[in-house]
Amino acid sequence: MTTKTQAETLSFQAEVKQLLNIVVHSLYSNKEIFLRELVSNASDAADKLRFEGLSDGALYESDPDLKIKVSFDDKARTITISDNGIGMSREEVIENLGTIAKSGTREFLARLSGDQKKDAHLIGQFGVGFYSAFVIADKVTVITRRAGLTPEHGVKWESDGEGAYTIENVDKATRGTEIILHVKEGEDEFLNDWRLRSIIKKYSDHVSLPIMMHKLPDPDTKPEDTKETEWEAVNEATALWTLPKSKITDEQYKELYKHIAHDFEDPLVWSHNQVEGGSLDYISLLYIPARAPFDLWNRERQQGLKLYVQRVFIMDQVEHFMPNYLRFVRGIVDTNALPLNISREILQDNPTMTKLRAALVKRVLDMLEKLAKDTPEKYAEFWEQFGNVVKEGPAEDFANRAKVAKLLRFSSTHTDSAVQNISLDDYISRMKPEQKKIYYVTAETFAAAKASPHLEIFRKNKIEVLLLSDRIDEWLVNHLSEYEGKTLQSVAKGDLNLDEITSEDPAEKEQHKQAEEKAKQDFDSVIKQVKTVLGDSVKDVRLSHRLTDSPACLVSDDNDMGLQLQRLLKASGQEVAEIKPIFELNPENPLVLKLKDQTDDERFKELTHILFDQAVLTEGGQLKDPATFVQRINKLLLTL
Ligand code: ADP
């Protein structure tokens, strides 16, 4: 098949059209970043060539000096950015420039509000890359050829960014990509040597490959003497992370972050470490973004760090460096401890890699601990964005369980606020002298957790309880059974036995005990009757020591799975053997007293069912037979 004549006009995928429109409108106040984005893409293309070139040297086509060239023509009103990186084949051009392959794009677009300021933030998280060209150009031409293909496999792509593009095959002698921006009327400021140089300096100084522009004419030479072809590097082109920390400004750290993370916003914090000598020689520059990316919860999301070996870029998105619960960390690892020809497969079970990973994880955890200590307000921002990811930590990273646990933040009855800002250390510092456990309640929502009847006895005795209502929390407490020698205990499980920590004096305690004994005798037959009525629906029925106001509640046995976890597992489609709850009645509650005095068997039954169903509802559970529940309540209402 000859590809030569194949010229076609194709339409953009619907999402691209939508995105283009939003990009152009939301970036109008920050137009100059188009150059950063295109330079970043060119530098990524060079990285890709380096990577593929490791196994196939022929891809260099005897042109080993990777670089980016930026030029402009004020008469033709064009700016051209060209690279000799990997280039694209025809299929790749269609795939990369005509569609958005990122999963979750549709959901992302649906979140945009039409408010340009807010959308600009979101767009920044999404990363607009190539499409930012249309912010200053009314037509963009891309001429590209993939490294290793013959010259006639060049491709020309052109679009006005309105909805369609044309694509045709052209000859291209050199590999790589040339992007020609046809500058819009009114954007003439960019057709200026000084302006372009200063944008490159500002955003791309640290890009480790030279960005060349035409040499400025010497004022002493006559115009006809200047040679068009003289180029000079505009950027420093040093690998920033290899410089001594004292030589690097905050601005430079931030710009490097934006370049590697394709983020528009400054990072929240970073940690730069140079470990030389010893068996594990490495430099790491690790960043925590200020904002969670739009696809943080997408399992297929690309993540990971950039790997350099002996200053040479090896590969991108190396996910083996970070466990899943730290998947938001971005940055660079440069090491002398791995061979240059390392492949992704080898990385997986390379012993050096394992050591590096352990060291890097520790760096991140230390950085977060320091952030929490030094700037709690910044840590609060971090927690809001990434807290739910970090909560996966104790289950995933056994070795660092205690360190991760220290970073966790919760809501608790201490403030009753939905803001999660209480650490386990805070909790421990407020524990009663005799208290040995860290208490928590889990529920479907924060409101349900806060109002849980299980808290009554704790509130009365001023014992703090953590209020857990994020989906991940059940999973978390299942894997974090203790912290600093204190067991984590659900208030809805087992026989609480709070006697030791309640504030009663011995005389009161004795009185209390006698009252309990008496209640036990008084209610003996009621409990038996309730058991008969509820039959198979419960594991046991007993009097409660945790309720002060509510009539009844459900609890589970110490070793049984909590009710909330059962519900979550069922919701996720898993088979869960049904674990029956224990039904507890509050002997001081008027309704329960009424039950005790009930002589009519039928009404006893009705009331028992209602109390049981109510207990299921307050747990956030679902009734097996809601209609009958409503009928029973209505019947009762009629007797008012
Ligand atoms: P992103 O860079 O976030 O993936 P872009 O829209 O900027 O998104 O680019 C889309 C894709 O087009 C890139 O992932 C890359 O595969 C390809 N691409 C863009 N610019 C170049 C270039 N200069 N050389 C080779 N491929 C490129």
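All ligand and atom numbering here is 1-based and tracks the order in the structure.
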Can you list the ligand 1 atoms lying under 4.0 Å from a non-hydrogen atom of G129?
7 (O)
Any N/O pair F130/ligand 1 closer than 3.5 Å
yes
Indicate the ring-plane relationship of W270 and Y287, choosing parallel, tilted or perpendicular according to the 30° and 60° boundaries.
tilted
Does any N or O atom in D83 lie less than 3.5 angstrom from one in ligand 1, N or O only?
yes
Given N96, T99, T177, which has its nearest heavy atom closest to atom 11 (C) of ligand 1?
N96
Listed by chain and number, what are the salt bridge (charged side-chain N to carboxylate O under 4.0 Å, His left out) partners of D56, not counting sequence neighbours?
none
With respect to atom 1 (P) of ligand 1, which of I179, I81, N41 exhibits the smallest heavy-atom separation?
N41
With a 6.0 Å cut-off on ring centres, are F134 and F34 close enough?
no
For ligand 1, find out whether one of its N or O atoms is nearer than 3.5 Å to an N or O atom of Y131.
no
Test: K69 and D83 ion pair at under 4.0 Å
no
Polar contact flag for D44 and ligand 1 (N/O pairs, less than 3.5 Å)
no
Restricting to side chain to side chain donor-acceptor pair (under 3.5 Å), what partner residues turn up for R77, sequence neighbours left out?
D188
Any ion pair linking E232 and R197 (charged N to carboxylate O, less than 4.0 Å)?
yes
Evaluating non-hydrogen atoms only, which member of R175, H262, E92, M88 is closest to atom 21 (C) of ligand 1?
M88
Under 4.0 Å, counting heavy atoms only: does K48 come that close to any atom of ligand 1?
yes
Salt bridge between R145 and E61, side-chain N to carboxylate O under 4.0 Å?
yes
